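Quick note: residue numbers are just sequence positions, from 1. This one's a predicted model, so the numbers in the text were calculated from it and none came from an experiment.
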Amino acid sequence: METPLVEFRDVTKRFGDKTVLDGITLKIYENQITTIIGKSGGGKSVLLKHIIGLLEPDSGVIMFQGKPLHAMKKSEWNEYRSQVSYLFQDNALFDSMTVFENIALPLRQTTNLRKKEIESRVMQRIADLELSEAADKYPSELSGGMQKRVALARALVTNPKIVLFDEPTTGQDPIRKNVILSMIAHYRRKFGFTAVLISHDIPDVYFISDRIILLWEGKVGFQGSYDQLAVLKHPLVDEFLRSLEGFRDELTGLLSKEVFRSRYASTLGPEPTVSAALFSVEFDRLEETLGSQAAVAVVSALGDYTNRYFSALGGFSARQSRNQILTIFPHTTAEEARKMVSGFGKKLEEEAIAGIQDLAHTKVGVNHCFEVFIWAGITEVSHGEEIKEIVEKAASKQEVVATHRCEFGGMA
């Protein structure tokens, strides 16, 4: 069995008479995104501070690659500590320092690297996170999104093995939240670090998470994948999910997965006529050309149109992954659904996707090319079929229903 990168074994932490972590046992695996969720005051930030060494447990053991932190020699501890970076909720950038100086700070404080090596590493991270034009600017001169990228560049400049994110999307609008989450997922793949997030942004954060840990009243109520969380029958999980029933996907306005599952279950009679459509977004050079915001905007537009167009026809929808939306059509044959989706594709192409042309002209001019494809797969739904099975069937039947193309020197 794979050795966890970080493991808590029966960890307890008290502050006075209050027990914040009560016998916590959990595992965090390498090269994954693990998200810690739970009610405010439930110990999420305290848990994160134990990983980075800002707090020590009153009892229990914290392991790194199978070795207890408390048993490490000073040199081993320093090595471990150098492999963990912390991205603060408010970015914690120094206003009196330029972007370059902010990013260079960890190298100057914690290493003996020469000036030229520090400059080389910092400029590489600045280039990696597309901050070249901002290198000599001060944080107050940057947008919130760029400040977040500066904070991430600073966290990554030491080549850490683990990056801890404390509420990285707090106070952001739905588009910006998803841009930040997409950025975290993108750079995690690019640089190969392990990410641990604290987040209240449900369901958005689920779409980038490999593993979910639910903290409930100081204990671990659940740890595993989101799909496992959604179907698990456990009092703590049920209570937490019930608290989300009024939630919708902020980015798209669609139903949460929990409400979607409940509504789907209620549509299945003894001999139902039910069909489904799985919509997927595929980008060709869009994110490289316009950045994550454009890609997220396309998903948002797709969700908004899906909601408005199909709700009027009796359908209901939810995101199944970052770029996939499943729509259920009660009392509808597959052929009827196919006709509805065809009309939807034409309308989407004419009105929603074409809106990125303005963004393209404003940001990069006409000498860049990208394409967006919307795919749809139609399938009939059999009695008792699980949503996962419906997604798999529909995915195997997907065809392009809407496109946006451009050509060098102009938009097509």
Side-chain angles (χ1 to χ4, degrees), residues 2 4-15 18-30 32-52 55 57 60-63 89 162-170 177 181 184-185 188 194-250 255-262 318-322 387-388:
E2 181 184 359
L5 184 64
V6 176
E7 184 176 3
F8 282 51
R9 294 184 181 176
D10 200 26
V11 170
T12 295
K13 183 64 178 179
R14 301 181 183 88
F15 295 99
K18 182 176 176 58
T19 300
V20 179
L21 302 181
D22 188 4
I24 291 286
T25 295
L26 58 85
K27 297 176 181 179
I28 294 168
Y29 291 96
E30 192 166 5
Q32 289 189 351
I33 296 178
T34 297
T35 298
I36 303 168
I37 60 176
K39 296 190 295 186
S40 295
K44 299 186 297 297
S45 292
V46 171
L47 191 154
L48 224 58
K49 289 173 181 176
H50 276 77
I51 296 175
I52 201 171
L55 292 174
V61 179
I62 300 173
M63 318 274 285
Q89 184 179 118
I162 305 170
V163 182
L164 310 177
F165 297 84
D166 189 356
E167 296 283 3
T169 57
T170 295
K177 285 178 184 178
L181 294 174
I184 291 170
R188 195 220 61 76
T194 298
V196 184
L197 283 71
I198 292 174
S199 182
H200 289 102
D201 289 319
I202 298 166
D204 306 84
V205 73
Y206 290 156
F207 297 119
I208 69 164
S209 300
D210 300 295
R211 191 170 172 83
I212 305 291
I213 294 175
L214 169 62
L215 286 190
W216 194 263
E217 296 180 353
K219 298 180 181 293
V220 173
F222 168 83
Q223 54 183 318
S225 70
Y226 170 60
D227 286 338
Q228 292 170 330
L229 174 69
V231 300
L232 185 65
K233 298 301 179 184
H234 187 288
L236 294 180
V237 175
D238 288 345
E239 185 175 347
F240 182 74
L241 293 180
R242 278 198 301 272
S243 72
L244 306 179
E245 286 184 358
F247 279 39
R248 286 183 173 261
D249 181 342
E250 279 191 300
L255 298 175
S256 70
K257 270 192 171 183
E258 290 73 31
V259 176
F260 180 83
R261 285 177 187 275
S262 175
R319 264 201 298 172
Q320 301 301 310
S321 67
R322 289 174 63 199
I387 290 174
K388 182 179 179 180

Q) Can F222 and I213 be said to form a side-chain contact (heavy atoms from CB on, under 4.5 Å), step by step? A) CA-CA 6 Å; F222 168 83; I213 294 175; over 6 Å; no
Q: Would you check, one step at a time, whether the test side-chain contact (heavy atoms from CB on, under 4.5 Å) holds for I36 with V196?
A: CA-CA 7 Å; I36 303 168; V196 184; 3.8 Å; yes
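In terms of the salt bridge (Lys or Arg N to Asp or Glu O under 4.0 Å) criterion, residue partners of R9 (sequence neighbours excluded) are, by chain and number, E7. Under the salt bridge (Lys or Arg N to Asp or Glu O under 4.0 Å) criterion, D10 pairs with no residue at all, not counting sequence neighbours. Residues meeting the side chain to side chain donor-acceptor pair (under 3.5 Å) test with Q223, sequence neighbours left out: R211.
Contact of the V205 side chain with the L181 side chain is registered, since non-hydrogen atoms from C-beta on lie closer than 4.5 Å. Using a 4.5 Å heavy-atom threshold, the side chains of L48 and I198 count as touching. You'll find the side chain of Y29 stays beyond 4.5 Å of the side chain of T194, heavy atoms only. Taking 4.5 Å as the limit, some side-chain heavy atom of L164 sits within range of a side-chain heavy atom of I51. For the pair Q320/I387, a side-chain contact is recorded, criterion being any heavy-atom separation below 4.5 Å from C-beta on. In this structure, the side chains of I184 and F165 come closer than 4.5 Å at one or more pairs of heavy atoms. Side-chain contact between I37 and L214 is present, with heavy atoms from C-beta onward closer than 4.5 Å. You'll find the side chain of S199 reaches within 4.5 Å of the side chain of T35, heavy atoms only.
Of the possible polar contacts, none joining the K13 side chain to the T19 backbone as a donor-acceptor pair under 3.5 Å is found. Looking at S225, its side chain does come within 3.5 Å of a backbone N or O of Q228 through a donor-acceptor pair. Between the side chain of D210 and the main chain of Q32, no donor-acceptor pair closer than 3.5 Å is present.
For the pair P168 and L197, the tightest heavy-atom approach, listed with the atom from each and the gap, is CG-CD2, 4.2 Å. Considering all non-hydrogen atoms of both residues, P57 and V11 come closest at CB-CG1, 3.6 Å.
Partner of V220 under the side chain to side chain contact (heavy atoms under 4.5 Å, CB included) criterion, chosen from T25, L47, L215: L215. For the side chain to side chain contact (heavy atoms under 4.5 Å, CB included) criterion with V46, the lone passing option out of K44, K49, H50 is H50.
Put simply, CD1 on I33 and CD1 on I28 are 13.0 Å apart, with the number rounded to the nearest 0.5 Å.
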